[in-house]
Amino acid sequence: MAAEKIALYNLADLKNTSDDAIPNYLNSLKFKQTHRLQDVRLALGYSAFSVAALCFLWDYKLGWDSTKHYTAAAVVVYMCLNGALTYWMTQREKNIIYEGTAPSGDKITISTTTKKNVPIYNLGITVSPKRTTATDRPQTYTLAKEFAGWFDEVGFFVAAPFQEMLASAVPLIGKQDPKRVKASREMLDANPDLLDAVLAASGTEARGEARQRKA
């Protein structure tokens with residue numbers, strides 16, 4: 001993917017390339033991707049296509065008069081399947097491009113959008129803990145970053161700054177890839193697990209300094 005040159009004025013290509021980079025990155029960190037949304041969409045789409053193909057086949061083989069009642073029923077089924085597909089894509093998927101589970105058992109959902117002629121990548125990231133309690137609820141992170149942050153001047157995708165953006169913004173990702181974290185002191189202090197991961201990646205010298213700050 002890094003060797004593919006993207007036209008910097010083509011917003012769709014910029015978004016699609018960035019979308020494709022998210023599962024590649026998270027899966028490399030041992031996140032387990034869930035394909036349930038795509039599986040349901042494909043099942044509904046292929047089912048609707050199958051109904052249409054069968055309708056054509058029996059009309060071709062048996063003629064209209066002997067199959068018109070079956071055709072009428074097939075049209076109803078086809079409309080229902082397409083309605084369900086439209087609902088699923090607009091109300092359930094909602095621009096979601098990744099669902100997965102971290103090694104810790106926490107779940108992550110990422111949706112992305114862009115606005116016409118605006119080279120900004122909008123991300124909505126929801127992290128759901130393995131066990132939800134009254135004090136431990138899903139966390140939502142909203143990001144809006146320019147594509148220029150990870151595409152160079154000629155249109156090549158650069159993975160490092162893209163991964164740093166995700167690892168620094170979402171503690172669940174940062175804990176899996178602490179070397180990519182560029183977070184504020186306030187963020188690290190608010191997330192002890194993330195701080196420990198960053199310290200482990202930074203070495204014993206940084207660990208001693210941070211312990212002194214904690215004290």
Distance-only, no hydrogens or angles: does the S28 side chain make a donor-acceptor pair with backbone N or O of Y25 under 3.5 Å? yes
When rounded to the nearest 0.5 angstrom, what is the spacing between [atom1] in [X] and [atom2] in [Y]?
| X | Y | atom1 | atom2 | value |
| --- | --- | --- | --- | --- |
| D177 | F31 | CG | CZ | 9.5 Å |
| M165 | Q163 | CE | CD | 10.0 Å |
| T112 | I22 | OG1 | CD1 | 6.0 Å |
| L166 | I108 | CG | CD1 | 8.0 Å |

Which atom pairs, one a donor and one an acceptor, fall under 3.5 Å between side chains of residues 148-157 and the rest of the protein, sequence neighbours left out?
from : atom 1 : to   : atom 2 : distance (Å)
W150 : NE1    : S18  : OG     : 3.0
D152 : OD1    : V154 : N      : 3.1
D152 : OD1    : G155 : N      : 2.9
D152 : OD1    : F156 : N      : 2.8

By the salt bridge (charged side-chain N to carboxylate O under 4.0 Å, His left out) test, which pairs, at least two apart or in different chains, include something from residues 28-40? none
Just grab all the salt bridge (charged side-chain N to carboxylate O under 4.0 Å, His left out) pairs involving residues 162-174, residues at least two apart or on different chains. E164-K182
side-chain contact (heavy atoms from CB on, under 4.5 Å) against S104, all qualifying residues, sequence neighbours excluded: A102, D106, L172
Applying side-chain contact (heavy atoms from CB on, under 4.5 Å), can you list everything that pairs with V76, at least two apart in sequence or on another chain? C80
Do other residues, nucleotides or ligands put more than 12 heavy atoms under 6.0 Å from the [atom1] atom of [X]?
| X | atom1 | answer |
| --- | --- | --- |
| K15 | NZ | yes |
| E146 | CD | no |
| Y78 | OH | no |

Expected list for residues 40-47: side-chain donor-acceptor pairs under 3.5 angstrom, two or more places apart:
from : atom 1 : to  : atom 2 : distance (Å)
R41  : NE     : E93 : OE1    : 3.2
R41  : NE     : E93 : OE2    : 2.7
S47  : OG     : A43 : O      : 2.6

With Y98, which of T109, N27, D19 fulfils side chain to side chain donor-acceptor pair (under 3.5 Å)? N27
Quick one: does I173's side chain get under 4.5 Å of L26's, heavy atoms only? yes
So among L11, I120, L8, which one has a side chain to side chain contact (heavy atoms under 4.5 Å, CB included) with F147? L11
